[in-house]
Amino acid sequence: MEKINGLQRNKAKLSTKKKLEMTAKIIAEFHNVKNDKYGYIQNELYDNWYDALSNMIINIINDAKEVGKFTEKGEKLLKYANKYKNILKKSECTMVNYDLWDANMICSDNKVTVIDPERTFWGDPVFDFICAEGFTKPLSTKTQTIDIHNSISDIKIEINRESEIRYAFAQGYMALIQEVERYYRFTRLSEGWIFDKFCSDLLYKSAFKVLENE
């Protein structure tokens, strides 16, 4: 980061409206890059989003097992993936950053540089909206970002039952990442541990509220 001119966006003097517009435009640019295979290039690519997402969830569940932990909510998320597999299989395949938080955008004059692409994968474009307008909020509340995105990207996001289910998996998968990564990154009850647990609990709650609703 020290080699990139500018400030992390959380330290830049930008209005809430400007940040929203910036996030929507960056998301749209990512979604204009498409593929016909889903998942992480560094792991394995799949023919549909259900297979890719299930594998991604299983990999993190196994990461938990590596340190002697069992993630009940992760297993629950995997069961929901199987339940909604026909909906997941309908997803288009675009480049998804999935990590467009303030600290991962460096602002300089009228230029913004996106850093830390480790979570980028090929998959469902609704996953990128987790970083817009509040990560625990449902997709239906993110109309400002979606409207700007849809005006730029040839991928159009519609708010309906199917897209809300797919978005719930975006929240659930992020919750699983945060639940398990704290075992690897932080000591128990450290600031990072507490933050990850708090966020993970909120995201699981939001996700399961949608996925449990028939």
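Computed from heavy atoms alone, side chains included, the values below leave out hydrogens, waters and symmetry copies. Please read all numbers here as calculations on a predicted model, not as lab measurements.
- The salt bridge (Lys or Arg N to Asp or Glu O under 4.0 Å) test applied to Arg182 returns no partner, not counting sequence neighbours.
- The ring pair (Phe, Tyr, Trp, His ring centres under 6.0 Å) analysis of residues 49-81, with sequence neighbours excluded, yields the pairs Trp49-Phe121, Trp49-Phe127, Tyr80-Phe208.
- The backbone N or O of Asn150 sits less than 3.5 Å from a side-chain atom of Lys156, completing a donor-acceptor pair.
- When side chains are defined from C-beta on, His31 counts as touching His149, because their heavy atoms get closer than 4.5 Å.
- Annotation: side chain of Glu162 is in contact with side chain of Lys90 (closest heavy-atom distance under 4.5 Å).
- Between the side chains of Ser54 and Asp51, no donor N or O sits under 3.5 Å from an acceptor N or O.
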For this session: Decide side chain to side chain donor-acceptor pair (under 3.5 Å) for Arg9 and Thr23; before the verdict, give the C-alpha distance in whole Å, the side-chain angles of both, and the deciding distance to 0.1 Å.
Result: CA-CA 11 Å; Arg9 198 174 72 170; Thr23 299; 3.0 Å; yes
For this session: Go through the steps to decide whether Tyr40 and Met56 satisfy the test side-chain contact (heavy atoms from CB on, under 4.5 Å), and finish with yes or no.
Result: CA-CA 8 Å; Tyr40 289 106; Met56 289 156 62; 3.6 Å; yes
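- A continuous path of ILVMFWY side-chain contacts below 4.5 Å connects Tyr84 to Leu77, so both sit in one hydrophobic cluster.
- Atom CE of Met105 is separated from atom CG of Asp116 by 11.5 Å, given to the nearest 0.5 angstrom.
- For Asp128 and Asn97, the side-chain atoms include no donor-acceptor pair closer than 3.5 Å.
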For this session: Would you please test Asp201 and Lys197 for salt bridge (charged side-chain N to carboxylate O under 4.0 Å, His left out) and show each step?
Result: CA-CA 6 Å; Asp201 288 346; Lys197 185 178 188 311; 2.9 Å; yes
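- From Cys199, atom SG reaches atom CD1 of Ile177 across 12.5 Å, with rounding to the nearest 0.5 Å.
- Checked against the 6.0 Å centroid threshold, Trp193 and Tyr183 count as a close aromatic pair.
- Atom CG of residue Asn35 and atom CE of residue Met95 lie 8.5 Å apart, to the nearest 0.5 angstrom.
- Taking 4.5 Å as the limit, some side-chain heavy atom of Lys19 sits within range of a side-chain heavy atom of Asp102.
- Scanning both residues, Cys107 and Ala12, for their nearest heavy atoms gives CB-CB, 4.2 Å.
- The minimum heavy-atom distance between Thr94 and Pro125, with the atom names listed, is OG1-CB, 3.6 Å.
- Side-chain atoms of Tyr204 and Lys76 include no donor-acceptor pair closer than 3.5 Å.
- In the model, Asn55 has a side-chain atom that pairs as donor or acceptor with a side-chain atom of Tyr46 under 3.5 Å.
- One N or O on the side chain of Asn104 and one on the backbone of Asp99 form a donor-acceptor pair closer than 3.5 Å.
- Atom CG in Leu176 sits 9.0 Å away from atom CG in Asp63 (nearest 0.5 Å).
- Note on Leu7 and Ile26: separate hydrophobic clusters, where clusters join Ile, Leu, Val, Met, Phe, Trp and Tyr whose side-chain heavy atoms are under 4.5 Å apart, directly or indirectly.
- Side-chain contact between Glu164 and Pro138 is absent, with no heavy-atom pair separated by less than 4.5 Å.
- Under the 4.5 Å side-chain criterion, counting only non-hydrogen atoms from C-beta, Leu211 is in contact with Ile165.
- Ser108 places no side-chain N or O within donor-acceptor distance of the main-chain N or O of Lys111, the cut-off being under 3.5 Å.
- In this structure, Lys11 places its NZ atom where only 12 or fewer heavy-atom neighbours from other residues, nucleotides or ligands lie under 6.0 Å away.
- For Glu158, the CD atom is loosely surrounded, since the number of other residues' heavy atoms within 6.0 Å does not exceed 12.
- Nearest heavy atom pair, residue Gly74 against residue Thr71, reads N-OG1, 2.9 Å.
- One N or O on the side chain of Lys142 and one on the backbone of Gly134 form a donor-acceptor pair closer than 3.5 Å.
- Smallest separation of non-hydrogen atoms from Ile130 and Met174: CD1-CB, 3.7 Å.
- Under the side-chain contact (heavy atoms from CB on, under 4.5 Å) test applied with Trp122, the options Val96, Leu45, Asp36 reduce to a single match, Leu45.
- Phe198 and Leu203 fall into different hydrophobic clusters, where Ile, Leu, Val, Met, Phe, Trp and Tyr side chains are chained together by heavy-atom contacts under 4.5 Å.
- Taking all atoms of both residues into account, the shortest heavy-atom contact from Thr187 to Ser190 is O-OG, 2.8 Å.
- Residues Glu179 and Asp196 fail the side-chain proximity criterion, which asks for heavy atoms closer than 4.5 Å.
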For this session: Could you go through the side-chain contact (heavy atoms from CB on, under 4.5 Å) check for Glu75 and Ile61 one step at a time?
Result: CA-CA 7 Å; Glu75 295 285 356; Ile61 290 173; 3.5 Å; yes
Exercise. Passes side-chain contact (heavy atoms from CB on, under 4.5 Å), Ile146 versus Leu139? Steps please.
Worked result: CA-CA 9 Å; Ile146 290 172; Leu139 185 68; 3.9 Å; yes
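- In this structure, the separation between CG on Leu202 and CD on Gln178 is 9.5 Å, given to the nearest 0.5 Å.
- Here Met22 contributes atom CE and Leu100 contributes atom CG; the two are 11.0 Å apart, rounded to the nearest 0.5 Å.
- More than 12 heavy atoms of other shown residues, nucleotides or ligands fall within 6.0 angstrom of atom NZ in Lys34.
- For the residue pair Glu133/Thr145, the side-chain donor-acceptor check at 3.5 Å is satisfied.
- Hydrophobic clustering (side-chain heavy atoms under 4.5 Å, transitive across Ile, Leu, Val, Met, Phe, Trp, Tyr) keeps Val112 apart from Ile152.
- Put simply, Phe186 and Leu189 are part of two different groups of oily side chains (I, L, V, M, F, W, Y) that touch within less than 4.5 Å, one to the next.
- The minimum heavy-atom distance linking Tyr38 with Ser91 is given by the pair OH-O, 2.7 Å.
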Exercise. Can you check side-chain contact (heavy atoms from CB on, under 4.5 Å) on Lys65 and Val180, steps first, answer last?
Worked result: CA-CA 10 Å; Lys65 291 178 180 178; Val180 175; over 6 Å; no
